[in-house]
Amino acid sequence: MSEWFRDRVAVLATMHRKEQVMAPLLEQALGVSVVVPDEFDTDLFGTFTRDVTRPADQLDTARLKARAALERTGASLAIASEGSFGPHPALPFLPCDREIVVLIDQQHDLEIVGEVLAIETNFSHITVSTLEDALIFAQKQGFPEHGLVVMADATALPSDPMIKGITSEARLTEVVLQRLQRYDRVHLETDMRALYNPTRMKAIAQATQALIAKASRVCPRCQTPGFAVFSYQHGLPCAFCRQPTAGILAEIYQCQKCQLTQEMRFPNGIEVADPAQCDFCNP
Ligand SMILES: [Zn+2]
Ligand SMILES: [Zn+2]
């Protein structure tokens, strides 16, 4: 894998200091040197505060950012990340942070995607009518290490300009009181931009590690990096009756260059399913 990326410039499409966590990991594992383009406005690709809508879904938006960075710099290797916050797909009451990191290598016509679903996030919002309630919310969200956004109301175009990146109690107090003079209520949100959110920064580091792990796995036939799980085969046998269950029996890896597929049975060493998950033992 190393010779594919070693000594190349990798452009990192960020203006929110993601290079702080991503660059050391990428440089060490891939042998690239990470460069951040000057004045690269990633807010054009959507904001968490909804004032700019995202042009595409999460993965496509990350791709658009990476391609814009390639065009702008003339480099052939780019990396971009994109986060998305919302309820956990399996546990709707649990907020989570899905982070995607995409690598686009034009020289080799290759794309590798790393992904993590982090359940550690302070993604949250509240509408309050007193400064006291605003300060209690702030404290719960890890303020002031984690920034806050204040707006008159929760819409994409609030009545007053939204104030982002608030990181001091004095500023928070000032902004909240200003709005409470004019409106009955004020809306607060956690600032999810990486540089204002150390918890999110950690999730971005994890997604970067997922990307590196994927890039490190090469096709056994043509040596292309990114030999990764493409699909799953279900039917893991029940521990008691041996009948097939919905559990994962095998991961199917596929090379994106030569299309070689390889079946890896019993991922994570799990060879039988819990009879509680079996339709025969526990109908
Ligand atoms: Zn291959
Ligand atoms: Zn069974």
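When reading the values below, keep in mind they use all heavy atoms of this one structure, side chains included, and skip hydrogens, waters and symmetry mates. Ligands are counted one by one from 1 in listed order, and the atoms in each one are counted from 1 as well. This one's a predicted model, so the numbers in the text were calculated from it and none came from an experiment.
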| query | How far apart are the closest heavy atoms of Ala215 and Leu30, and which atoms are they? | reply |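 Minimum heavy-atom separation between Ala215 and Leu30: CB-CD2, 4.3 Å.
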| Looking only at heavy atoms, which two atoms of Glu120 and Thr199 are closest? And how far apart? |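 Looks like O-CG2, 3.3 Å.
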| message | Working to the nearest 0.5 angstrom, can you tell me the gap between Arg193 CZ and Met15 CE? | response |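 If I round to the nearest 0.5 Å, the distance is 7.5 Å.
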| Neighbouring protein N, O or S atoms of the Zn ion (ligand 2) [cut-off: under 2.8 Å, no waters] |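 The answer is Cys238 SG, Cys241 SG, Cys278 SG, Cys281 SG.
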| request: Inspect the contact between Asp51 and Lys164 and indicate whether a charged nitrogen and a carboxylate oxygen are less than 4.0 angstrom apart. | output: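 Yes, charged N to carboxylate O under 4.0 Å.
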| Pairs satisfying ring-ring contact (aromatic ring centres under 6.0 Å, His included), at least one member in residues 151-205, at least two apart |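 Pairs touching residues 151-205 that pass the test: His125-His187.
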| Of Leu26, Ile100, Val113, Val116, which meets side chain to side chain contact (heavy atoms under 4.5 Å, CB included) against Leu211? |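 With Leu211 as partner, Leu26, Ile100, Val113, Val116 yield a single side chain to side chain contact (heavy atoms under 4.5 Å, CB included), made by Leu26.
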| said: Which residue in the set Gln206, His88, Arg200, Met192 passes side chain to side chain contact (heavy atoms under 4.5 Å, CB included) when paired with Asp97? | reply: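 For Asp97, the side chain to side chain contact (heavy atoms under 4.5 Å, CB included) test succeeds with only one of Gln206, His88, Arg200, Met192, which is Arg200.
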| query | With sequence neighbours excluded, what pairs up with Ala80 under the side chain to side chain contact (heavy atoms under 4.5 Å, CB included) test? | reply |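 So Ala80 forms a side chain to side chain contact (heavy atoms under 4.5 Å, CB included) with Ala13, Lys65, Ala66, Val102.
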| query | So how many protein N, O or S atoms does the Zn ion (ligand 1) have within less than 2.8 Å? | reply |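 Of the protein's nitrogen, oxygen and sulfur atoms, 4 lie under 2.8 Å from the Zn ion (ligand 1).
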| request: For Arg179 and Asp184, indicate whether the former's side chain and the latter's backbone hold a donor-acceptor pair under 3.5 Å. | output: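 It does not hold such a pair.
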